[in-house]
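The structure is given below, and queries will be raised subsequently.
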Amino acid sequence: MSDPKNHSAEAALAALKELQHEIQESVLDSIEAVDEYRIRFLSRKQGQITALLKRIPEVANEHKKHFGQEINAAKALVEARIESATVQFSAGEESSGPVPDLTLPGRVAAKGSLHPITQALRLITRVFESYGFEVAEGPEIEDDWHNFSALNFPPDHPARDMQDTFFIEAPSHVHSGILLRTHTSPVQIRVMENKKPPIRVIVPGRVYRNEAISYKSYCLFHQVEGLYIDEGVTMANLKQIIHAFARTMFGENVKMRFRPSFFPFTEPSAEVDIWWEDANLPDGGRWMEIMGCGMVDPNVLEGLGIDSEKYTGYAFGMGIERISMLRFGIEDIRILYENDVRFLEQFS
Ligand code: PHE
């Protein structure tokens, strides 16, 4: 015959087992669920732990201690689970949504990059440095003498109109005009004023022109000037170096041409065009002008006290925006000055 006391002790143990299982497995996925959980197990009046404590008398004396310990452990587990769930939910108070995924990679800080014009300027300068040219610089605010007169522009010659000038001070009886330089050529003069031949310099810089703004012209742009003065320098030297430069910039198969032109400070003068391939155009592309160049006019040399019987030289001046447009396939010069990060990011 089974002892009724024994029987209810077994039932109490079974209830404890069942309770432990529920304590462990209950899903605590919201603040409401945690509240329910607390009431269900810990409430003084109807809590299941309290209910179980009340059954201790049913358990045989030798098992009472163990039974009590198990209940205490179960209670501790309930409290621990409530605490950890509460911490989790109060951490994300405003978002009761999903728990953050701690394995996600961090946000990478955005890195800046050099403007495509700066990149092109540096690249061109580096190429000419490798040919033995030194870097020279001059002021962006110039006087008429360096920007025009010393470069053999006669006072009322229409050539001055080629360069739509921004004047800072109009010509007066004190001086012949202060202006924003319209090209980097005045730095040729400044170098020759300060140095005797042989001279071999490259001049990167910003220039300004009061021009109608369009897809290929802007009111400011950048040039790289080159000047080489020595004994026996010829047009062949000029063509050779420009060709070498174009191959470095645009590849071995670059198509280029020298087209006769006019500048007051070079004689003979030429402009250099690069063939810009474009399948959408009727001819499959078009010639794009990238620089002016020529043999330094003897008048310029003599004006600076350089013996033009002994020394000859070449000069060139290239437009950096044009070259960047060719190199990077940019269709409109204005985008280079809009500082649109979506554009600039493409050059990082
Ligand atoms: N300074 C000229 C221009 O801006 C370019 C040039 C430079 C031409 C040197 C010849 C020699 O158009």
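Below, all heavy atoms of this structure are taken into account, side chains as well, without hydrogens, waters or symmetry copies.
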- Approximate separation, where rounding is to 0.5 Å, of Cys219 SG and Glu211 CD: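 One finds 9.5 Å between SG of Cys219 and CD of Glu211.
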- Query: Do any N or O atoms from the side chain of His115 and from the backbone of Asn339 form a donor-acceptor pair under 3.5 angstrom?
  - Reply: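 Such a contact is absent between His115 side chain and Asn339 backbone.
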- Query: Does one hydrophobic cluster hold both Ile242 and Trp275, with members joined at side-chain heavy-atom distances below 4.5 Å?
  - Reply: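 Unlinked, Ile242 and Trp275 end up in two clusters.
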- Query: Taking side chain as C-beta onward, heavy atoms only, is Pro204 less than 4.5 Å from Ile124?
  - Reply: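 Heavy-atom side-chain distance check fails, nothing below 4.5 Å.
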- Message: To check you understand the geometry: which heavy-atom pair defines the closest contact between Ala270 and Phe258, and what is its length?
- Response: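 Nearest heavy atoms, Ala270 then Phe258: CB-CD2, 4.1 Å.
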- Task: Using modelled atom types only, decide if a donor and an acceptor are shared between the side chain of Arg81 and the backbone of Ile23 within a distance under 3.5 Å.
- Result: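 Such a contact is found between Arg81 side chain and Ile23 backbone.
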- Grab the two heavy atoms, one from Tyr314 and one from Val233, that are nearest each other, plus how far apart they are.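 In terms of heavy atoms, the two residues are closest at CD2-CG1, 3.5 Å.
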- Would you mind telling me which of Leu77, Leu19, Val78 makes a side-chain contact (heavy atoms from CB on, under 4.5 Å) with Gln24?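 Running side-chain contact (heavy atoms from CB on, under 4.5 Å) over Leu77, Leu19, Val78 with Gln24 returns exactly one hit, Leu77.
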- Would one find more than 12 heavy atoms of other residues, nucleotides or ligands at under 6.0 Å from atom CD1 of Ile141?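 Check fails, neighbour count at 12 or below.
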- Message: I need the minimum non-hydrogen distance between Gly177 and Phe167, along with the two atoms involved.
- Response: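 For Gly177 versus Phe167, the nearest heavy atoms are CA-CE2, 4.3 Å.
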- Please walk me through it: do Ile117 and Ser324 pass side-chain contact (heavy atoms from CB on, under 4.5 Å)? CA-CA 7 Å; Ile117 295 296; Ser324 306; 3.8 Å; yes
- Message: For Met288, is there any backbone N or O sitting under 3.5 Å from a side-chain donor or acceptor partner on Arg322?
- Response: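 Not a single qualifying donor-acceptor pair exists.
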- Taking the side chain as every heavy atom from C-beta outward, state whether Gln119 and Phe347 have any atom pair closer than 4.5 Å.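 SC-SC contact between Gln119 and Phe347 confirmed.
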- Give a yes or no answer on whether the side chain of Asp278 reaches the backbone of Arg286 with a donor-acceptor pair at less than 3.5 Å.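 Looks like no, no N/O pair under 3.5 Å.
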- Of all heavy-atom pairs between Ile189 and Ala150, which one has the smallest distance, and what is that distance?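 So the minimum-distance heavy-atom pair works out to CD1-O, 3.6 Å.
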- Message: Heavy-atom count check: over 12 atoms from other residues, nucleotides or ligands less than 6.0 Å from Lys196 NZ?
- Response: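 Yes.
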- Query: Testing Gln188, Glu193, Arg181 for side chain to side chain donor-acceptor pair (under 3.5 Å) with His146, which one passes?
  - Reply: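 Result: among Gln188, Glu193, Arg181, Glu193 is the only option passing the side chain to side chain donor-acceptor pair (under 3.5 Å) with His146.
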- Quick one: does Pro116's side chain get under 4.5 Å of Leu344's, heavy atoms only?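 The answer is yes, as the side chains (C-beta and beyond) meet within the 4.5 Å cut-off.
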- Task: State the CD1-CG distance between Ile335 and Asp340, to the nearest 0.5 angstrom.
- Result: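 If we round to the nearest 0.5 Å, Ile335:CD1 and Asp340:CG are 6.5 Å apart.
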- Query: So, do Tyr218 and Glu321 sit near enough that their side-chain heavy atoms are less than 4.5 Å apart?
  - Reply: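 No, every pair of side-chain atoms sits at 4.5 Å or beyond.
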- Message: Quick check: is Trp287 connected to Ile330 through a chain of hydrophobic side chains (ILVMFWY, heavy atoms under 4.5 Å apart)?
- Response: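 They do not share one cluster, since no chain of ILVMFWY contacts under 4.5 Å joins Ile330 to Trp287.
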- Item | Phe263 reachable from Leu304 in the ILVMFWY side-chain graph, under 4.5 Å edges |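 Yes; Phe263 is reachable from Leu304 via cluster members.
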- Co-membership, hydrophobic cluster, residues Val187 and Ile199, 4.5 Å side-chain: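 As far as the 4.5 Å side-chain criterion goes, Ile199 and Val187 are connected within one cluster.
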- List the atom of Ile306, the atom of Pro197, and the distance in Å for their closest heavy-atom pair.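 In terms of heavy atoms, the two residues are closest at CG2-CG, 3.9 Å.
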- Message: When you compare the side chain of Pro268 with that of Met295, does any pair of heavy atoms fall below 4.5 Å?
- Response: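 When only atoms from C-beta onward are counted, Pro268 and Met295 do touch, with a gap below 4.5 Å.
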- Message: Treating Ser217 as the side-chain partner and Ser214 as the backbone partner, does any N or O pair qualify as donor plus acceptor under 3.5 Å?
- Response: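 No, Ser217 side chain to Ser214 backbone: no donor-acceptor pair under 3.5 Å.
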- Rounded to the nearest 0.5 Å, what separation is found between the CG atom of Leu28 and the CD atom of Glu36?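 If we round to the nearest 0.5 Å, Leu28:CG and Glu36:CD are 10.0 Å apart.
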- Message: I'd like to know whether CD of Glu83 has more than 12 heavy-atom contacts from other residues, nucleotides or ligands below 6.0 angstrom.
- Response: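 Not buried by this count: 12 neighbours or fewer within 6.0 Å.
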- Message: Using 0.5 Å steps for rounding, measure from the CD1 atom of Ile274 to the CE atom of Met325.
- Response: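 It is 14.5 Å, given to the nearest 0.5 Å.
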- Task: Please answer whether the main-chain N or O of Ala236 pairs with a side-chain N or O of Thr234 as donor and acceptor at a distance below 3.5 Å.
- Result: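 Such a contact is found between Thr234 side chain and Ala236 backbone.
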- List the steps, then state whether side-chain contact (heavy atoms from CB on, under 4.5 Å) holds for Thr182 with Val207. CA-CA 5 Å; Thr182 58; Val207 305; 6.0 Å; no
- Query: Is the count of non-hydrogen atoms from other residues, nucleotides or ligands lying under 6.0 Å from Glu277 atom CD greater than 12?
  - Reply: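 Result for CD/Glu277: open.
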- Query: Taking the six-membered ring for Trp, are His222 and Tyr337 parallel (under 30°), tilted (30 to 60°) or perpendicular (over 60°)?
  - Reply: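 If you compare the ring of His222 with that of Tyr337, the planes turn out parallel.
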- Item | Within 6.0 angstrom of Arg122 CZ, more than 12 heavy atoms from elsewhere |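 Open: at most 12 neighbouring heavy atoms sit under 6.0 Å from CZ of Arg122.
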- Message: For Glu129, is the CD atom crowded, meaning more than 12 foreign heavy atoms sit under 6.0 Å from it?
- Response: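 Count over threshold, so yes.
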- Query: Going through the checks in order, is the side chain to side chain donor-acceptor pair (under 3.5 Å) test met by Lys75 and Asn72?
  - Reply: CA-CA 5 Å; Lys75 190 179 171 196; Asn72 282 338; 5.9 Å; no
- Item | Minimum side-chain heavy-atom gap Glu134-Arg200 below 4.5 Å |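 Side-chain contact under 4.5 Å: no.
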- Evaluate whether atom NZ of Lys65 has more than 12 neighbouring non-hydrogen atoms of other residues, nucleotides or ligands under 6.0 angstrom away.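 No, NZ of Lys65 has 12 or fewer neighbouring heavy atoms, counting only those of other groups under 6.0 Å.
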- Any sub-3.5 Å donor-acceptor pair from Ser43's side-chain atoms to Gln46's backbone N or O?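 Side chain of Ser43 to backbone of Gln46: a pair is present.
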- Message: If you define the side chain from C-beta out and look only at heavy atoms, does anything of Tyr131 sit under 4.5 Å from Ile202?
- Response: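 Heavy-atom side-chain distance check fails, nothing below 4.5 Å.
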- Message: Please check: side-chain N/O of Gln223 versus main-chain N/O of Thr184, any donor-acceptor pairing under 3.5 Å?
- Response: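 Flag set: sc Gln223 to bb Thr184 pair under 3.5 Å.
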- Task: Show your reasoning for whether salt bridge (Lys or Arg N to Asp or Glu O under 4.0 Å) applies to Glu289 and Lys216.
- Result: CA-CA 11 Å; Glu289 180 205 321; Lys216 56 174 187 171; over 6 Å; no
- Query: Is Ile290 close to Glu271 at the side-chain level, that is, under 4.5 Å between some pair of heavy atoms?
  - Reply: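 Result no, sub-4.5 Å side-chain heavy-atom pair not found.
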- Message: Going by ring-ring contact (aromatic ring centres under 6.0 Å, His included), His183 matches just one of Tyr208, Phe221, Phe265, Phe316. Which one?
- Response: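 One option only clears the test, and that one is Phe265.
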- Task: Quick one: do Ile168 and Leu180 satisfy side-chain contact (heavy atoms from CB on, under 4.5 Å)? Show the steps, please.
- Result: CA-CA 7 Å; Ile168 289 178; Leu180 291 177; 3.9 Å; yes
- Task: Apply side-chain contact (heavy atoms from CB on, under 4.5 Å) to Phe128 and Ile241, showing your working.
- Result: CA-CA 9 Å; Phe128 280 99; Ile241 203 139; 4.2 Å; yes
- Task: With rounding to the nearest 0.5 Å, note down the distance linking CD1 in Ile213 to CG in Asn210.
- Result: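 Between Ile213 CD1 and Asn210 CG, I get 9.0 Å after rounding to 0.5 Å.
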- Query: From Ser269 OG over to Arg259 CZ, what is the distance, rounded to the nearest 0.5 angstrom?
  - Reply: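 Here the rounded value is 12.0 Å.
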- Message: Would you say that more than 12 heavy atoms from the other residues, nucleotides or ligands in this model lie under 6.0 Å from the CD of Gln69, or not?
- Response: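 Atom CD in Gln69 is crowded, with more than 12 foreign heavy atoms closer than 6.0 Å.
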- Task: Using the rule that two of Ile, Leu, Val, Met, Phe, Trp, Tyr join whenever any of their side-chain heavy atoms come within less than 4.5 Å, decide whether Leu238 and Phe262 are in one cluster.
- Result: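 No: no chain of side-chain contacts under 4.5 Å links Leu238 to Phe262.
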- Item | Nearest heavy-atom neighbours spanning Arg40 and Ser26 |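 Heavy atoms of Arg40 and Ser26 come nearest at NH1-OG, 3.6 Å.
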